[in-house]
Amino acid sequence: MHKPIDEPIFYSYPGMVAIVTSRDGDRQNVMASGWHTYIGSSPGVYGISLRKETYSYQLIEQSGVFGVHFLPAQRSEWIQAAGTFSGKDTDKFSRFGITYSNGLKVDVPVLDDAYFAYECKVIDITTYGDHEWIAGEVMQRYQDEYYFLENGMVDLEKLKIPMYTGRSSYRILDADATEKVHPFHL
């Protein structure tokens, strides 16, 4: 049974971790973001939540652009590295062998191993609590068709999705996951 608590806990896990890329001039970074979502479809808008103190926030604020990427489970070490080390101190692309191409519409690194990615142009930054909510218009989308079915859904026979459960822990969503919920049908 649930009970009221006073601790300021925010619970939304397990969830997907987005990998955010940024660049301003010759400075660039890659970081992990657990708080992100699409927030509009016409035009496409994607939002990410970052602390103002982060190196990525500085680059995004100055350049006005960012990338959002989703990586398969075999790249979980990149997700962990992107979320553990600061770009102020470490070139994470070089240190961890994270490969990328340059964006087509905005000047951001686009991760080569992402099964889906967005290039975004900042349209709003708003402070909520101790984080900045950055909304970006989606300027370009990328999809590795190998991992998708004809109906647009991911093919869990081919793709293993890392699900972040908190405190540097992950579980895998794949074809072995069992559907336990039976949708209501009228």
Side-chain angles (χ1 to χ4, degrees), residues 9-23 28-39 44-51 54-57 59-60 66-87 89-101 103 108-120 131-136 138 140-181 183:
I9 296 173
F10 296 95
Y11 191 81
S12 61
Y13 301 113
M16 293 175 63
V17 174
I19 300 301
V20 175
T21 57
S22 53
R23 179 185 291 148
Q28 62 183 23
N29 196 35
V30 56
M31 68 164 288
S33 174
W35 296 348
H36 58 91
T37 190
Y38 54 88
I39 51 180
V45 178
Y46 206 90
I48 57 174
S49 181
L50 306 179
R51 288 184 183 268
T54 66
Y55 187 56
S56 288
Y57 176 81
L59 297 178
I60 293 168
F66 61 96
V68 179
H69 309 80
F70 298 95
L71 294 172
Q74 65 262 31
R75 291 300 183 197
S76 294
E77 75 281 358
W78 287 2
I79 296 169
Q80 187 63 27
T84 303
F85 294 88
S86 170
D89 307 320
T90 304
D91 176 350
K92 293 180 259 185
F93 292 102
S94 296
R95 181 170 177 185
F96 301 104
I98 301 173
T99 59
Y100 64 90
S101 302
V108 294
V110 177
L111 303 184
D112 293 335
D113 286 11
Y115 63 88
F116 203 87
Y118 303 104
E119 292 178 24
C120 299
H131 278 67
E132 304 302 310
W133 182 253
I134 304 171
V138 176
Q140 180 67 53
R141 293 169 183 84
Y142 298 87
Q143 179 185 36
D144 185 337
E145 291 180 347
Y146 173 77
Y147 292 115
F148 288 82
L149 300 168
E150 284 184 27
N151 66 3
M153 302 296 287
V154 293
D155 184 347
L156 292 176
E157 295 290 336
K158 296 177 181 174
L159 180 63
K160 294 180 181 198
I161 300 174
M163 301 297 290
Y164 183 66
T165 58
R167 302 191 185 208
S168 299
S169 296
Y170 297 85
R171 296 294 182 265
I172 301 299
L173 174 62
D174 62 11
D176 293 331
T178 305
E179 183 177 342
K180 299 278 186 184
V181 177

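Computed from a prediction, not measured in an experiment: that's the story for all the values here.
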(message) Within this structure, what is the CE-CG distance for the pair Met163 and Asp174, rounded to the nearest 0.5 Å?
(response) 11.5 Å
(request) Please tell me if the side chains of Leu159 and Tyr115 come closer than 4.5 Å, counting only heavy atoms from C-beta onward. (result) yes
(request) Would you tell me whether Asn29 and Ser56 have side-chain atoms, one donor and one acceptor, within less than 3.5 Å of each other? (result) yes
(request) Output the distance between atom NZ (Lys92) and atom CD1 (Ile98), rounded to the nearest 0.5 Å. (result) 7.5 Å
(message) Quick one, Ile39 and Trp133 - any side-chain contact, counting heavy atoms below 4.5 Å?
(response) yes
(message) Within the 4.5 Å heavy-atom criterion, are Val138 and Val45 side-chain neighbours or not?
(response) no
(request) Verify, without hydrogens or angle tests, whether Lys160 (side chain) and Ile172 (backbone) share a donor-acceptor contact under 3.5 angstrom. (result) no
(message) Test your reading of the model: is there a side-chain donor-acceptor pair from Ser33 to the backbone of Val20, 3.5 Å cut-off?
(response) no
(request) Identify, with sequence neighbours excluded, every residue that meets salt bridge (charged side-chain N to carboxylate O under 4.0 Å, His left out) alongside Arg51. (result) Asp130
(message) Give me the atom names and distance for the closest heavy-atom approach of Tyr164 to Ser169.
(response) CD1-O, 3.5 Å
(message) My understanding is that only residues two or more places apart in sequence, or in another chain, count here; which of them pass ring-ring contact (aromatic ring centres under 6.0 Å, His included) with Phe70?
(response) His36
(request) Please round to the nearest 0.5 Å and tell me the distance separating atom OH of Tyr118 and atom NE2 of His69. (result) 11.5 Å
(request) Would you name the heavy atoms of Ala117 and Val110 that are closest together and state the gap between them? (result) CB-CG1, 4.4 Å
(message) Looking at every heavy atom in both Ser76 and Ala73, which two are closest together, and how far apart are they?
(response) OG-O, 2.7 Å
(request) Please list, chain by chain and in numerical order, all residues satisfying ring-ring contact (aromatic ring centres under 6.0 Å, His included) with Tyr55, sequence neighbours excluded. (result) none
(request) Taking Ser94 for its side chain and Asp91 for its backbone only, find out whether a donor-acceptor pair lies under 3.5 Å. (result) no
(message) Keeping Thr84 on the side-chain end and Gln80 on the backbone end, is there a donor-acceptor pair under 3.5 Å?
(response) yes
(request) Write out all pairs satisfying salt bridge (Lys or Arg N to Asp or Glu O under 4.0 Å) with one or both partners inside residues 29-39, taking only residues at least two apart or from two chains. (result) none
(message) If you count every heavy atom of other residues, nucleotides or ligands that lies below 6.0 Å from Tyr38 atom OH, does the total exceed 12?
(response) no
(request) Would you list the pairs meeting ring-ring contact (aromatic ring centres under 6.0 Å, His included) in which at least one residue belongs to residues 142-163, sequence neighbours left out? (result) none
(request) Side-chain contact test, heavy atoms from C-beta onward, threshold under 4.5 Å: evaluate it for Phe93 versus Pro109 and give yes or no. (result) yes
(message) Please report the interatomic distance OG(Ser22) to CZ(Phe66), rounded to the nearest 0.5 Å.
(response) 10.5 Å
(message) Does any part of the side chain of Leu111, heavy atoms only, come nearer than 4.5 Å to the side chain of Ile19, both counted from C-beta?
(response) yes
(request) Check Trp78 against Thr99 and note the closest heavy-atom contact, atom names and distance. (result) CH2-N, 3.8 Å
(message) Could you measure the distance from the CD atom of Glu77 to the CD atom of Gln74? Nearest 0.5 Å is fine.
(response) 8.5 Å
(message) If you compare all heavy atoms of Ala32 against all heavy atoms of Val17, which two are closest, and at what distance to 0.1 Å?
(response) CB-CG1, 3.7 Å
(message) Return the CD1 to OH distance between Ile48 and Tyr57, rounded to the nearest 0.5 Å.
(response) 10.5 Å
(request) Identify the heavy atoms of Thr165 and Arg171 that sit nearest to each other, and give their distance. (result) CG2-CG, 3.8 Å
(message) Between Val154 and Leu149, is there a side-chain heavy-atom distance shorter than 4.5 Å?
(response) no
(request) Can you tell me which residue pairs pass the salt bridge (Lys or Arg N to Asp or Glu O under 4.0 Å) test with a partner in residues 110-120, sequence neighbours excluded? (result) Arg75-Asp113
(message) Before you tell me yes or no, could you show the steps for Met31 and Leu50 under side chain to side chain contact (heavy atoms under 4.5 Å, CB included), namely the whole-Å CA-CA distance, both residues' side-chain angles and the distance that decides it to 0.1 Å?
(response) CA-CA 10 Å; Met31 68 164 288; Leu50 306 179; 3.3 Å; yes
